[in-house]
Amino acid sequence: MKQKIKNMIYNASKDAYDKGDLPSPDFPEIEVEEPKAESHGDFSTNISMVMAAVQKMPPRKIAEAIIKNIDDPDGIIDRTEIAGPGFINFCLNRYSWHPVLREIHERDTLYGASDIGKGKKVQVEFVSANPTGPLHVGHGRGAAVGDSIANILLFCGYNVEKEYYINDSGRQISTLGRSVFMRYKELFGTDIQFPDDCYQGDYIRDLAIEIKKKKEDKLLFLSEEEAISYCARFAADNILSEIKEDLECFGIVFDRWYSEQGLYDSGKVDRVINDFRKQNIIFEDDGALWFRTKDFGDEKNRVVVRNNGLTTYFASDIAYHQDKFDRGFERIIDIWGADHHGYIPRVSAAIEALGYGRDKFDVILIQLVNLLREGEPVAMSTRAGEFVTLRDVINEVGSDAARFIFLTRHYESALDFDLELAKKKTNDNPVYYVQYVHARISSIARKAQERGTSDIAWNAAAVSRLTEPEEIQLIKIMSRYPEIVRCSAEYMEPHRITYFLMNLASAFHAYYNKHRVLTDEAELTLGRLYLVLAVKKIIRNGLALLGVSAPEKM
RNA sequence: GCGCCUGUAGCUCAGCUGGAUAGAGCAACGGACUUCUAAUCCGUAGGUCGCAGGUUCGAAUCCUGCCAGGCGUACCA
C-alpha cells in the first residue's frame, strides 16, 4: 500500500515537472510514513519540505503542485490535504484496504516473507555456553533472541544455519575435571579443601556420584592427570547432553554443534597461527605469541599462546571464525552476553586479518536478565553455585511464556524477568494476551463450522461488508506486518514482532468486544470470518517467528 | 582513566533510524459478562523524554560536554 502511494507521488512529481509546475527534476528519496495521529490520514509524506531547497519554492506550493498531478485511476485515495509546514496527507477509501485480506489468505504461512536475503548463506551462532554447568536464565535470553533472529532471517530469504560452539577444551574444562575428581575423592572419605576457583554447584557432586557408580574406586589408582582427564570428559559430555535437553525443551534445534577441541585436533588452530606468524601478524614477545590486533583497531595487542605454551580462547576463536568463512558463510552473526563486549575488537581484528570485511561480521550483545519473584530479586550466586537454571524457569512458567518475555525488550536493554508475573494469566503477561487471540478466533471458527459456514474463500461481496472502523483498523495494522518483519530482519530485532503482535492483539480484542463475528446475516458473517481468520494467520505466523506456540484452545 | 550499554508517566518499557499534539501495559479511580472463551473490553488521570549547549523548516531520535547506573578494560573464560 505504502509502495503504491510512493509510486503515485513519484509519478505526480514527474508530471508536475513535465508540465512546468516544478522547476527541477531533481527528486529526493520519497519517504512515506503512517502518521501517529489519525487526523493526519493514513499516509503522509514530507517530500515538499525536503524538496523546498532544490525547487526554490515554499513547501506548501510544492505540495499543491504534486497533489494537482496525482493520478489515482483506481480511486484508492479518498482525499488529500496539505498540513502543517507542508506535509501531504493521504486518506484512503475504506474499500482500498480490503484486498490486503486476500493477500494474507493467499500467502498464508508466507505472508510477510520476502527474499531480501537473496539466499545469502548466513550463520547465527548463539548460546555456546561452556559445558561446565547448567544453562541459566541469561543463556535462555540469548537462546530466545538467537533462535528468533535466525527464524526471521530465514523467513526473509536468507539461507540460515544455527550453530552452537562448544568450548570443550582448555582450562575451564580441566578445572571442571579437577572439581569433579575432588568430589569423587571426597566420596571415598578423603578430606579435601575444595578450592575457590573450582566449580561449586551441587551438580559437581552428582557427577562424582555418577562416576563412582560407574567406575567404583578405579580412578583412585590412576595418575591424578589421567583421573582428572577422565572426570573432565565424563562431566563435559554429561553436562552437554543436559544442555541439549534444556534447549530441546525450549524448542531450539541447532543445525550444528561445533567442537572447539575439533579445531585443535584437525590442526586448524596451529595452521592459522603459523600462517599469521609468516605474515608477521602474530609475533613472539616475552615467550608468548601475540596477535597484532592493535594494527586492526583494537586498543592493544592480544596473546594467542601464553609463555607456558597454552593457547588462549582467542587462538581457537581465530581458527573458528576462519572456519566459518571456509564453510561458505557470507555473513556471520555471533550472539554473546554483553559482558563479552570487550572481545569484539579482537575478533573483528582477526576477521579483517583473515581477509574478510568487517561488514560480514555482526555481534549481538545480550544484556543481562534480572530474575525476580514478586518484584524481589532472586538470590543467585554463581560462585556458590546457587542459581535458578533455565530448566527451572521453563518448568515453572513454561517455554512459551519464557520465550515471549525474553523477546519483549530490545536485547540491548537489561531485562527484569519476574517468575510470578510470567505465570499470571492476565493482561500483565503479554504472552497469553496474544495467544488468547488465536484461541478465541479458533473458537469462533469451530462455532462457524458447526453452523456450516466453513467457506473462507475470497468473496468480494462479503468482504465489502467490512466497513466498521475497527475492521478497517485491523486490516491497516495487518498490512504493516511485512514491513515489520523486514525491519526486524534488517536490524536483527525480534522485539519489533513482539510489539506488533501485542498491538494487533489489542485491536482484535477491542473489535471482539464491540462486534460479533457470527451474525444473522450470512454475507456479513462471511466477511467478518474472513477478517478474523486473517488475524489468526498473522498471529500464528508471528508467534512462530518468536518460537512461541499458537494454541487452538486455552 | 579509557571503552561499550542504559537513562522517556509512580513502576516496567515502546517510539517505525529526523517529523505534526511523545505512546502502551501495570498500579489508581469509574464502568461493561442471559450474546462467538471476562486469560477480555471501555473511560478518567498521569510527562522539564537525565542536564546543558549545538546542527535545521523540525530533535526523545543526530553532534559535543556534563550527571547517574550497569558492564568491560588479563599471558581468565
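Numbered from 1 within each chain, the chains take letters A, B, ... in sequence-line order.
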Determine the Euclidean distance between corresponding C1' atoms of B:G53 and B:C67; express it in Å to zero decimal places. 15 Å
What distance, rounded to whole Å, do you find between the two C1' atoms, one in B:A20 and one in B:C13?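 Going atom to atom, C1' in each nucleotide, I get 24 Å.
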Taking only nitrogen or oxygen atoms into account, show me every contact under 3.5 Å that the protein makes with nucleotides 25-31 of chain B, one pair per line with its distance.
| residue | atom | partner | partner atom | Å |
| --- | --- | --- | --- | --- |
| B:C26 | OP1 | A:Asn427 | ND2 | 3.4 |

Just to verify, what does [X] make a ring pair (Phe, Tyr, Trp, His ring centres under 6.0 Å) with, not counting sequence neighbours?
X	result
A:Tyr111	none
A:Phe126	A:Phe254
A:His410	A:His495

Which residue pairs pass the salt bridge (charged side-chain N to carboxylate O under 4.0 Å, His left out) test when at least one of the two sits in [range], sequence neighbours left out?
range	result
residues 52-61 of chain A	none
residues 499-510 of chain A	none
residues 516-535 of chain A	A:Arg465-A:Glu521, A:Arg465-A:Glu523, A:Glu471-A:Arg528

Could you list, one pair per line, each protein nitrogen or oxygen that sits under 3.5 Å from a nitrogen or oxygen of nucleotides 5-9 of chain B, together with the distance?
| residue | atom | partner | partner atom | Å |
| --- | --- | --- | --- | --- |
| B:C5 | O3' | A:Glu412 | OE1 | 3.4 |
| B:C5 | O2' | A:Gln367 | NE2 | 3.4 |
| B:C5 | O2' | A:Glu412 | O | 3.0 |
| B:U6 | OP1 | A:Glu412 | OE1 | 3.3 |

Side-chain heavy atoms of A:Lys300 within contact of A:Thr293, under 4.5 Å: no
Please report the shortest heavy-atom distance between A:Ser479 and A:Trp97, naming the atom on each side.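 It is OG-CZ3, 3.5 Å.
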Any base atoms under 4.0 Å from A:Lys424, or only sugar-phosphate, or nothing? Heavy atoms, all strands.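 The answer is nothing, as A:Lys424 stays clear of every strand by at least 4.0 Å.
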Sequence neighbours excluded and cut-off under 3.5 Å, please list the side-chain donor-acceptor pairs for residues 440-447 of chain A, or say none.
| residue | atom | partner | partner atom | Å |
| --- | --- | --- | --- | --- |
| A:Arg440 | NH1 | A:His509 | ND1 | 3.0 |
| A:Ser442 | OG | A:His438 | O | 2.7 |
| A:Ser442 | OG | A:Glu552 | OE1 | 3.1 |
| A:Arg446 | NH1 | A:Glu552 | O | 3.3 |

Heavy-atom nearest nucleotide on RNA chain B for A:Asp339 versus A:Ser443: which residue maps closer to 5'?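 Here A:Ser443 is the residue nearer the 5' end.
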Assuming nearest nucleotide by heavy-atom distance, tell me which of A:Ala505 and A:Val303 is located more 5' along RNA chain B. A:Ala505
Considering only side-chain heavy atoms of A:Lys425, which listed nucleotide, B:C36, B:A39, B:C13, is closest?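 The closest nucleotide is B:A39.
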What nucleotide among B:A14, B:C36, B:U40 has an atom nearest to a side-chain atom of A:Leu518?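 When the side chain of A:Leu518 is considered, B:C36 is the closest of B:A14, B:C36, B:U40.
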Report yes or no: is there a donor-acceptor pair, N or O only, under 3.5 Å between the side chain of A:His340 and the base of B:G72? no
Residues from residues 508-517 of chain A sitting under 4.0 Å of RNA chain B, heavy atoms only?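 Only A:His509, A:Ala510, A:Tyr512, A:Asn513, A:His515, A:Arg516, A:Val517 qualify.
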For nucleotides 16-20 of chain B, print each protein N/O atom paired with a nucleotide N/O atom at under 3.5 Å, atom names and distance only.
| residue | atom | partner | partner atom | Å |
| --- | --- | --- | --- | --- |
| B:U17 | O2 | A:Tyr491 | OH | 2.4 |
| B:U17 | N3 | A:Tyr491 | OH | 3.3 |
| B:G19 | N7 | A:Asn46 | ND2 | 3.1 |
| B:A20 | OP2 | A:Lys36 | NZ | 3.3 |
| B:A20 | N6 | A:Ser44 | OG | 2.8 |
| B:A20 | N6 | A:Asn89 | OD1 | 2.7 |
| B:A20 | N1 | A:Asn89 | OD1 | 3.2 |
| B:A20 | N1 | A:Asn89 | ND2 | 3.2 |

Dot-bracket encoding per residue of RNA chain B, Watson-Crick/G-U cut-off under 3.5 Å, | denoting interstrand: (((((((..((((.....[...)))).(((((.......))))).....(((((..]....))))))))))))....
Checking one value: the base orientation of B:U64, syn if chi is within 90 degrees of 0, otherwise anti.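 For B:U64, whose glycosidic angle is more than 90° from 0, the conformation is anti.
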